[in-house]
Amino acid sequence: MRRLNSTPHHTNGFVLVGFSEWPQLEMALLVVVSIFYIVTLFGNSAIIILSRLDPKLHTPMYFFLANLSFLDLCYTTSTVPQMLINIQSHKRSISYVGCIAQLFIFLGLGSTECVLLSIMAFDRYVAICQPLRYTIIMHSQLCQQLAAVSWITGFSNSLVQTVLTSLLPRCGQYQIENFFCEVPAMLRLSCIDTWVNEVEMYAAVVVIKVIPLGLILFSYINIVRAVIRIQSSEGRKKAFHTCGSHLLVVIMFYGSAISGYAYMAPRSSSAKLKGKLLALFYGLITPMLNPLIYTLRNKDVKAAVKKILGREQEQ
């Protein structure tokens with residue numbers, strides 16, 4: 001904790017406390033997070049490149065998956081490099097502008113992912129429940145419009161919350177109890193009543209998280225009904241396999257994000273640690289696992305990899 005007290009220029013910015021209360025854990029995190037971050041960059045970049053190079057992957061499913069991979073790349077990069085620099089250099093300061101920019105980008109990307117996951121569920125719903133009309137309904141123009149809606153909705157929500165949060169007076173408070181700038185941690189720095197911001201934040205949670213989650217559940221209820229009507233066991237297996245990857249990603253992302261709200265105002269040291277580890281899970285672990293979940297048993301992606309590697313060997 002002595003390092004925090006000696007951090008300079010806090011009056012012009014903030015101090016990201018991070019995991020400084022657990023120095024031994026920090027050193028382990030430096031190694032583990034660095035490895036996970038490299039895997040995240042490689043895995044998500046591979047999906048984007050494959051979906052562009054292989055014509056067989058030019059489908060709505062892989063279009064949205066490429067969007068998700070690009071989003072996850074930006075999502076992790078908005079927080080992890082700063083965290084690694086802070087652990088290594090022990091200078092935990094971040095400028096005011098840098099903190100606000102990080103808050104806007106991280107929140108915008110997280111909100112976008114919530115909407116994008118619901119759109120991907122709709123895509124699977126159409127593919128299984130309306131297979132004969134799938135290519136007619138999910139045409140390229142609609143896919144681009146749906147992707148644009150997810151990005152615009154996510155960053156519109158982020159803009160509102162970032163502006164409201166940045167206007168709050170801090171009255172000398174500058175230590176953020178996390179490894180990145182986020183709304184709940186910054187609300188705790190305010191020296192005035194933040195009920196307006198909290199009401200707006202919970203309203204945003206309903207719009208950005210609860211409603212998309214409801215749409216995902218609605219899609220999967222109809223998917224299960226359609227799959228039950230499939231007579232062949234091979235057909236049912238293929239349908240569940242198609243949706244299983246997306247459903248697992250949804251459970252991991254929403255589960256960790258929603259669990260994080262239980263630790264928004266931690267009182268004990270153990271509660272603080274759990275909250276920060278949950279933030280690390282949905283900010284790094286989930287983006288790292290997404291490409292593995294989608295591609296580990298995916299024949300199309302494996303075929304695309306072999307095809308591209310075969311070209312390189314021929315050249």
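Side chains are part of it too, since the values below use all heavy atoms of this structure and drop only hydrogens, waters and symmetry mates.
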Legend entry - Transitive ILVMFWY side-chain link Ile85 to Ile38, under 4.5 Å: no
Inset, instruction - Go through the steps to decide whether Asn197 and Gln161 satisfy the test side-chain contact (heavy atoms from CB on, under 4.5 Å), and finish with yes or no. - result: CA-CA 8 Å; Asn197 298 73; Gln161 293 204 56; over 6 Å; no
Legend entry - Heavy-atom side-chain contact between Met61 and Arg124 under 4.5 Å: yes
Legend entry - Partner set under ring-ring contact (aromatic ring centres under 6.0 Å, His included) for Phe122, not counting sequence neighbours: none
Legend entry - Test item: Asn67 side-chain N/O and Phe63 main-chain N/O as donor-acceptor pair under 3.5 Å: yes
Legend entry - Heavy-atom check, side chain of Thr153 versus side chain of Ser111, under 4.5 Å: no
Legend entry - Value rounded to 0.5 Å, distance of OG1 in Thr286 from CE in Met252: 5.0 Å
Legend entry - Heavy-atom closest contact (Ile293 atom, Ser245 atom, distance): O-OG, 3.3 Å
Legend entry - Co-membership, hydrophobic cluster, residues Leu292 and Tyr294, 4.5 Å side-chain: yes
Inset, instruction - Taking the side chain as every heavy atom from C-beta outward, state whether Leu41 and Thr77 have any pair of such atoms under 4.5 Å apart. - result: yes
Legend entry - Sequence-distant partners of Ile221, side chain to side chain contact (heavy atoms under 4.5 Å, CB included), two or more places apart: Arg225
Inset, instruction - Using distance alone, with no hydrogens and no angle criterion, decide if Tyr62 and Asp54 have a side-chain donor and acceptor under 3.5 Å apart. - result: no
Inset, instruction - Kindly compute the distance separating CD1 (Ile192) from CG (Leu167), expressed to the nearest 0.5 Å. - result: 9.5 Å
Inset, instruction - Nearest 0.5 Å please: distance from the CE atom of Met83 over to the CG atom of Leu280. - result: 5.0 Å
Inset, instruction - Kindly indicate whether the side chain of Cys243, heavy atoms from C-beta on, has any atom under 4.5 Å from the side chain of Ile128. - result: yes
Inset, instruction - Answer with yes or no after comparing the ring centroid distance for Phe106 and Phe180 against a 6.0 Å cut-off, counting only values under it. - result: yes
Legend entry - Thr162 side-chain N/O to Leu159 backbone N/O, donor-acceptor pair under 3.5 Å: no
Legend entry - Stepwise side-chain contact (heavy atoms from CB on, under 4.5 Å) test for Leu164 and Met201: CA-CA 10 Å; Leu164 289 175; Met201 182 177 67; over 6 Å; no
Legend entry - Pair His139, Tyr134: side-chain N/O donor-acceptor within cut-off below 3.5 Å: no
Inset, instruction - Over 60° means perpendicular and under 30° means parallel, so classify the ring planes of Phe218 and Tyr125, tilted if in between. - result: tilted
Legend entry - Side chain Ser158, main chain Leu107, donor-acceptor under 3.5 Å: no
Inset, instruction - Might you confirm whether atom CD of Gln145 has over 12 heavy atoms from other residues, nucleotides or ligands at distances under 6.0 Å? - result: yes
Legend entry - Separation between OG1 of Thr79 and CG of Leu103, rounded to the nearest 0.5 Å: 12.5 Å
Inset, instruction - Return the minimal non-hydrogen interatomic distance between Cys114 and Pro212, and the atom names on each side. - result: O-CB, 3.6 Å
Legend entry - pair Arg170-Tyr96: side-chain heavy atoms closer than 4.5 Å: yes
Inset, instruction - Tell me whether Leu247 is reachable from Phe64 by hopping between hydrophobic residues (I, L, V, M, F, W, Y) whose side-chain heavy atoms are closer than 4.5 Å. - result: yes
Legend entry - Within 6.0 Å of CZ in Phe70, more than 12 heavy atoms from elsewhere: no
Legend entry - Least distance between heavy atoms, Gln175 atom then Leu189 atom: O-CD2, 3.2 Å
Inset, instruction - Look only at the side chain of Ser150 and the backbone of Ala147, and say whether a donor-acceptor pair between them is shorter than 3.5 Å. - result: yes
Inset, instruction - Identify which one of Leu109, Leu146, Leu68 satisfies the side chain to side chain contact (heavy atoms under 4.5 Å, CB included) criterion when paired with Leu116. - result: Leu68
Inset, instruction - Please examine the side chains of Met186 and Cys181, heavy atoms only from C-beta on, and report whether any two atoms are closer than 4.5 Å. - result: yes
Inset, instruction - Could you tell me which non-hydrogen atom of Cys143 sits nearest to which non-hydrogen atom of Pro60, and how far apart they are? - result: SG-CB, 3.6 Å
Legend entry - Flag side-chain contact, heavy atom, 4.5 Å: Ser51 against Leu65: no
Legend entry - CA sep, side-chain torsions, deciding dist, call: Phe179, Gln82, side-chain contact (heavy atoms from CB on, under 4.5 Å): CA-CA 8 Å; Phe179 59 90; Gln82 176 77 47; over 6 Å; no
Inset, instruction - Using side chain to side chain contact (heavy atoms under 4.5 Å, CB included) as the criterion, list what pairs up with Ile285, not counting sequence neighbours. - result: Phe36, Phe281, Leu289
Inset, instruction - Using the rule that two of Ile, Leu, Val, Met, Phe, Trp, Tyr join whenever any of their side-chain heavy atoms come within less than 4.5 Å, decide whether Leu71 and Leu248 are in one cluster. - result: yes
Inset, instruction - Check whether any side-chain heavy atom of Leu187 lies under 4.5 Å from a side-chain heavy atom of Glu198, and answer yes or no. - result: yes
Legend entry - salt bridge (Lys or Arg N to Asp or Glu O under 4.0 Å) partners for Glu177, two or more places apart: Lys272, Lys276
Inset, instruction - First locate atom OG of Ser78, then atom CG of Leu73, and finally report the distance between them rounded to the nearest 0.5 Å. - result: 11.0 Å
Legend entry - Closest approach of His58 to Arg52 (non-hydrogen atoms, all atoms of both residues): NE2-O, 3.1 Å
Inset, instruction - Work out which heavy atom in Cys99 is nearest to a heavy atom in Ile176; give both atom names and the distance. - result: SG-CD1, 3.8 Å
Legend entry - Sequence-distant partners of Val224, side chain to side chain contact (heavy atoms under 4.5 Å, CB included), two or more places apart: Ile228
Legend entry - Atom pair CG (Leu117) and OG1 (Thr112), whose distance is rounded to the nearest 0.5 Å: 10.5 Å
Legend entry - From Val205, Val160, Val183, residue fulfilling side chain to side chain contact (heavy atoms under 4.5 Å, CB included) relative to Glu200: Val160
Inset, instruction - Verify side-chain contact (heavy atoms from CB on, under 4.5 Å) between Tyr220 and His246, making sure each step is shown before the conclusion. - result: CA-CA 11 Å; Tyr220 274 102; His246 175 262; 2.7 Å; yes
Legend entry - hydrophobic_cluster_shared for Leu25 and Leu84, side chain cutoff 4.5 Å: yes
Legend entry - Residue list, side chain to side chain contact (heavy atoms under 4.5 Å, CB included) with Thr76, at least two apart or on another chain: Tyr37, Thr40, Val80, Leu284, Pro287
